[in-house]
Amino acid sequence: GENVEQHPSTLSVQEGDSAVIKCTYSDSASNYFPWYKQELGKRPQLIIDIRSNVGEKKDQRIAVTLNKTAKHFSLHITETQPEDSAVYFCAASNPGNTPLVFGKGTRLSVIA
Amino acid sequence: ETGVTQSPTHLIKTRGQQVTLRCSSQSGHNTVSWYQQALGQGPQFIFQYYREEENGRGNFPPRFSGLQFPNYSSELNVNALELDDSALYLCASSLGRARGANVLTFGAGSRLTVL
């Protein structure tokens, strides 16, 4: 089955700097790669996702890149703000109504 | 449109007991997935229900079981509770076999503590 590895497990950046979180996946059939943000004590919320027919997607300060050949994808957050502090999870799934497999998460701290 | 709601939000049980967790899916969603999130870990897939049938199961023992009802709400039952079952149990709903099938909307979770 699919296996998703996520790095780093913790990340501290200064406010205004960029943050990059990387994930690798094992199943070449996977075609959907979402990123979820989970603030302390709250539910995971989808912040951006990408499907395998595109290599990059942007939404304001966040972007996701996908390299299908290397089987890795990354989350980029620019101009970080204190409210970006949270745990971020990447995930991957196969086509159709199949379950998401999550990475172990990255705790991002943005220092003001 | 309502989101995903879960109950109870917190509960404490002792080893060997049984627990039932409940989930109401987002309006228009016919698929419910359950995940276990241990402290400091990512969500682990337990199982998924689509139109009242189990539609995939993760690496969890048979004492984890579930149901989905005609209104697409769902229950997660865990028998013979063990200490390691202590976790946040997340329910997520989705559109099923439509284009947005994998896009999950999570509930706030039920935090289970087993003593």
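- In terms of heavy-atom proximity, B:Leu88 sits nearest to B:Ala108 at CD1-O, 4.1 Å.
- A donor-acceptor contact shorter than 3.5 Å is absent between the side chain of A:Lys71 and the backbone of A:Ser28.
- Of the two parts of A:Gln38, only the side chain, counted from C-beta on, holds a non-hydrogen atom closer than 4.5 Å to a non-hydrogen atom of chain B.
- In terms of heavy-atom pairs under 4.5 angstrom with chain A, the leader among B:Gly56, B:Gly109, B:Gly107 is B:Gly107.
- B:Gln6 does not touch chain A: none of its heavy atoms, backbone or side chain, sits under 4.5 Å away.
- By a heavy-atom distance cut of under 4.5 Å, A:Phe102, A:Gly103, A:Lys104 are the residues of residues 102-112 of chain A near chain B, going up by number.
- Linking ILVMFWY residues whenever their side-chain heavy atoms come closer than 4.5 Å, directly or via other members, places B:Trp34 and B:Leu112 in the same cluster.
- In this structure, the separation between NZ on A:Lys37 and CD on A:Gln45 is 8.5 Å, given to the nearest 0.5 Å.
- Evaluation of the side chain to side chain contact (heavy atoms under 4.5 Å, CB included) rule for B:Glu82 yields B:Arg63, B:Asp85 as partners, not counting sequence neighbours.
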Start with the C-alpha distance between B:Lys13 and B:Leu11, add both sets of side-chain angles, then the distance that settles side chain to side chain contact (heavy atoms under 4.5 Å, CB included), and finish with yes or no.
CA-CA 7 Å; B:Lys13 294 284 188 178; B:Leu11 69 167; 4.1 Å; yes
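- Under the rule for a side chain to side chain contact (heavy atoms under 4.5 Å, CB included), the partners of A:Asn3 that lie at least two apart in sequence or sit in another chain are A:Glu5, A:Ser26.
- Ring pair A:Phe33/A:Tyr25 is tilted by interplanar angle, where 30° to 60° counts as tilted.
- In plain terms, the two heavy atoms of B:Leu81 and B:Thr14 that are nearest each other are CB-O, 4.1 Å.
- Inspection of non-hydrogen atoms places A:Phe89, A:Ser93, A:Asn94 of residues 76-95 of chain A under 4.5 Å from chain B.
- To the nearest 0.5 Å, the span separating CD on A:Glu56 from CD1 on A:Ile50 amounts to 7.5 Å.
- With a 4.5 angstrom heavy-atom cutoff, A:Pro99 touches chain B via backbone and side-chain atoms both.
- At a 4.5 Å heavy-atom cutoff, the contact between B:Tyr35 and chain A is made by side-chain atoms alone.
- The line from SG of B:Cys23 to CD of B:Glu75 is 10.5 Å long, rounded to the nearest 0.5 Å.
- Follow the hydrophobic side-chain contacts under 4.5 Å out from A:Leu66 and you reach A:Ile47 in the same cluster.
- For A:Leu100, the parts lying under 4.5 angstrom from a heavy atom of chain B are both the backbone and the side chain.
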